[in-house]
Amino acid sequence: MKKIVVTLIFIIGFLNINLFAQTGEFENEAFYRVEIHLNSASIHDLIEMGVSIDHVHNNHKSNTIIAELAGAELALMKENSVYFEVLVEDVSQWYVSRMQKDLQSFDLNKAMKNAPENFQLGSMGGHKTFEEVVEALDQMYELFPDLITEKFSIGESIEGREIWAVWIGTELEEEEKPQALYTSLTHAREPNSMMAVIYYMWWLLENYETDNTATFIVDNRHLAFIPVLNPDGYEFNRVNNPNGGGMHRKNRRPVGSWRQGVDLNRNFGPFQFWDHPNGGSDATNPNSDVYRGAEPFSEPETDALRSFVYANDFRTAFNYHTFSNLLIYPYGALQRVTVDHHILEGYAIEMTQYNNYVYGTDDETVGYSTRGNSDDWMYGLEAGNPRDRMNIIAFTPEVGSWSDYFWPPPSRIIPLSEENLHPNILLALYAGPDLMYSSDMVPEPDVLILEAGAENHVSFTFGELYNYGRYEIKPQLTLISDNDDFFISFDTVDIPAIEADTTFSGITDSFIIEPDASMQDGEEVTVILKMSAPWLDISPEWEYTFTVQGSATAHRDDEIAQKFNLKQNYPNPFNPTTLIRFTLPEHNHVTLDVFDITGRKVQNLVNDALPSGQHSVSFDAAHLASGVYIYRLQAGSYTLTRKMTLTK
Ligand code: 0X9
Ligand code: ZN
């Protein structure tokens, strides 16, 4: 029964289409929403014909796709006997009437309650015009001159408009901080890309000093914003459709007979992808909506962005588009993932935690390859032209659902912007150092009993500290006690910088603690080990209790300690043998072990009862790799460690 109904519907549909195919006359530059029957032409056939398949909704059940296409494309399909049905005659008008209907029913005041105070909708169906974006940038600077720069131009569009940028952050002139980049309106018909960015900018500025996250980001990152990368295309849409709904996508280079321009999101490098056989851009037809232009960066808009990116050091980027609730990452031109896939995917999982956008490569999301998109270029090709290797972790969020389409109604602008706040925040955080450690990873001190009236050397062994961010962590460890008798005479040590996407584990240098000679035997002191690093959002702390070996035994132990001595090995650096000498004050059981820098024991040299006096042991490291090693002498409750370097 079901089958019959489906067949009936199909036949009726079929008749309709035929009707259209015979009588339809289409205006070249007007946009229509159509349903195309794939049994009459495959997606591949459509692309070959020159029909732009950048945003199609697949209906697998009926084997159709829904697309918004120009009249000229409909004519092309008609010529090629493709069966399609027109669902909406004038898409731009459809958008406008939807916006107007929405405006009547939607309570603006209520919607604005949760939005940043200064965030305002624009005059184009709720979306800001180019001029209104400029006004917003000026207003931001006027209200928050300490947190944002005045707008500056990164270059001119092909029709001579300025491509405006700003920085948000503190100490913008004085200091270099981890940088992230946000761009939008590469495609002129995707205004909510820009609205989401403006919304985020106001959120950062207004919440500085009231919200911890906003404050942290503004103080510890430098964020660049380019809200309108394609001002000409966007202005073209405004002039032709002042109430919104304009469907022009590309820039306004005067090429093409009925649809002018170059698709800026096909005009980037890497140069190696330009002619990639996967396709994903149109090489020859300037009317195509995915026409790539004459060569990579042939367009002043992409060229301006390239210069700006070269002049800075961005670690992460969002290149905002709309729509279909996606978070896309490289590669777009290749049908494979990058070597940094674990990072891209890991970030994407966290970024989409609340908005549930679908994440993946182009192949996995939009389902077509894109040659010359911004993200492939910003990321770069591994082992490719170094000029192309920026190594920026770049994503394209595609804001909005299939019912929002390109011009979401006003009531949708705030929710769509709001649902991208979380990913925007994470993008800024990931641009910097970002520590990941498990709470059960507690650095272990080598001694817990300390002698009163003596210098005690204490070092810590670390398990796993992973830098999940894109900027190196330069950690500093500080040991703190609020007990005045517990004097920490050497309270800061550095551990080696932890590069992006690497893990640190190993033994630190020694802190020196000198408990006052008056301290009692068995007295306990709490000490905090604190790790901090520039621009790091969490400073982990660990607490320890040390027990003092007090005054009763201190005097004798002091003497013993003075005589208990571990000398620097000789020679050092060495290859492959060296001599380790130590002095024992009394007969004792002694162990002497060698560890690698990760804390793994590589050799035991002594495990024996030895008489007091001087001892020496030869260490042969022929079987070990070059590097720093630690040797540790333990005799009763005393421990001493030193470092040595093997250079082969
Ligand atoms: O086709 C495009 O350029 C993007 N879709 S849109 O509908 N906004 O035009 C998707 C390109 C995304 N690819 C990558 N940036 N990797
Ligand atoms: Zn787009």
Side-chain angles (χ1 to χ4, degrees), residues 31 43 47 51-57 65-69 181-194 196-197 228-230 233-234 237 246-251 261-270 273 276 278-282 288-293 299 301-302 305 316-338 340-341 344-345 348 357-381 392-402 404-408 416:
F31 271 80
I43 298 237
I47 293 172
V51 175
S52 304
I53 303 297
D54 73 280
H55 243 117
V56 296
H57 190 38
I65 52 171
I66 295 178
E68 294 185 343
L69 299 173
L181 172 68
Y182 301 78
T183 76
S184 49
L185 274 173
T186 295
H187 286 147
R189 61 185 173 189
E190 301 174 4
N192 218 133
S193 63
M194 166 275 296
V197 167
V228 188
L229 184 65
N230 179 7
Y234 198 47
N237 278 335
M247 284 296 284
H248 188 73
R249 163 183 168 103
K250 302 183 286 181
N251 76 348
V262 169
D263 182 357
L264 297 178
N265 209 28
R266 299 295 181 278
N267 189 246
F268 292 90
F273 291 177
H276 196 276
N278 264 356
S281 69
D282 196 301
S288 164
D289 248 347
V290 291
Y291 175 56
R292 69 184 185 182
E299 302 314 294
E301 296 86 356
T302 50
L305 181 55
T316 57
F318 266 168
N319 297 301
Y320 266 102
H321 286 249
T322 78
F323 58 85
S324 43
N325 288 1
L326 304 174
L327 186 58
I328 311 172
Y329 50 72
Y331 287 116
L334 309 182
Q335 266 152 337
R336 68 170 175 89
V337 297
T338 69
D340 295 308
H341 186 243
L344 289 156
E345 193 187 32
Y357 284 16
V358 171
Y359 56 84
T361 62
D362 291 61
D363 218 24
E364 296 161 343
T365 55
V366 284
Y368 51 85
S369 59
T370 59
R371 211 166 44 179
N373 75 64
S374 53
D375 309 342
D376 279 7
W377 168 68
M378 287 184 183
Y379 176 71
L381 179 64
I392 300 171
I393 295 292
F395 300 85
T396 286
E398 295 256 28
V399 180
S401 72
W402 271 94
D404 291 311
Y405 290 101
F406 287 119
W407 291 85
L416 290 177

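By convention here, the first residue in the shown sequence is residue 1. Worth knowing before you read on, the calculation uses all heavy atoms, side chains too, and leaves out hydrogens, waters and symmetry mates. Numbering of ligands and ligand atoms starts at 1, following listing order. All figures in this text were calculated on a predicted structure; none of them were measured in a lab.
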Selection from T186, T361, N319, N265 by shortest heavy-atom distance to atom 11 (C) of ligand 1
N265
Regarding atom 12 (C) of ligand 1: of the candidates N373, T370, D362, which has the closest heavy atom?
D362
Subset of ligand 1 atoms that lie under 4.0 Å from at least one heavy atom of Y368:
1 (O), 2 (C), 5 (N)
With atoms numbered from 1 as shown, which atoms in ligand 1 lie under 4.0 angstrom from a non-hydrogen atom of R249?
1 (O), 2 (C), 3 (O), 6 (S), 9 (O)
Evaluate R266 for polar contact with ligand 1, using N/O atom pairs at a separation under 3.5 Å.
yes
Test salt bridge (charged side-chain N to carboxylate O under 4.0 Å, His left out) on D282 and R292; report intermediate values, then the result.
CA-CA 6 Å; D282 196 301; R292 69 184 185 182; over 6 Å; no
Taking D404 for the side chain and S401 for the main chain, is one N or O donor matched with an acceptor at less than 3.5 Å?
yes
Hey, which atoms in ligand 1 end up nearer than 4.0 Å to a heavy atom of T322?
7 (O), 8 (N)
What distance separates H187 NE2 from N319 CG, expressed to the nearest 0.5 Å?
11.0 Å
For E398, atoms of ligand 1 separated by under 4.0 Å from a heavy atom
4 (C), 5 (N), 6 (S), 7 (O), 8 (N), 10 (C)
In the protein, N/O/S atoms that are found under 2.8 Å from the Zn ion (ligand 2), waters not counted:
H187 ND1, E190 OE1, E190 OE2, H321 ND1
Look at the side chain of S324 and the backbone N and O of L326, then say whether any donor-acceptor pair between them is shorter than 3.5 Å.
no
Taking the side chain as every heavy atom from C-beta outward, state whether H321 and V399 have any atom pair closer than 4.5 Å.
no
Provide, to 0.1 Å, the distance between atom 15 (N) of ligand 1 and the closest protein heavy atom, together with that atom's residue and name.
D375 OD2, 2.7 Å
Taking only heavy atoms of I328 into account, list the atoms of ligand 1 that are under 4.0 Å away from them.
12 (C), 13 (N), 14 (C), 16 (N)
In short, P408 meets N192 closest at the heavy-atom pair CG-OD1, 3.4 Å
Proximal atoms of ligand 1 relative to H321 (non-hydrogen, under 4.0 Å)
8 (N)
Determine whether T338 and Y331 make a side-chain contact, defined as any pair of heavy atoms from C-beta on separated by less than 4.5 Å.
yes
Gap between atom CG of L344 and atom CZ of F395 - 0.5 Å precision
5.0 Å
Hey, mind stepping through R371 and D263 against salt bridge (charged side-chain N to carboxylate O under 4.0 Å, His left out) and telling me if it holds?
CA-CA 11 Å; R371 211 166 44 179; D263 182 357; over 6 Å; no
Any donor-acceptor N or O pair under 3.5 Å, side chains D362, T370
yes
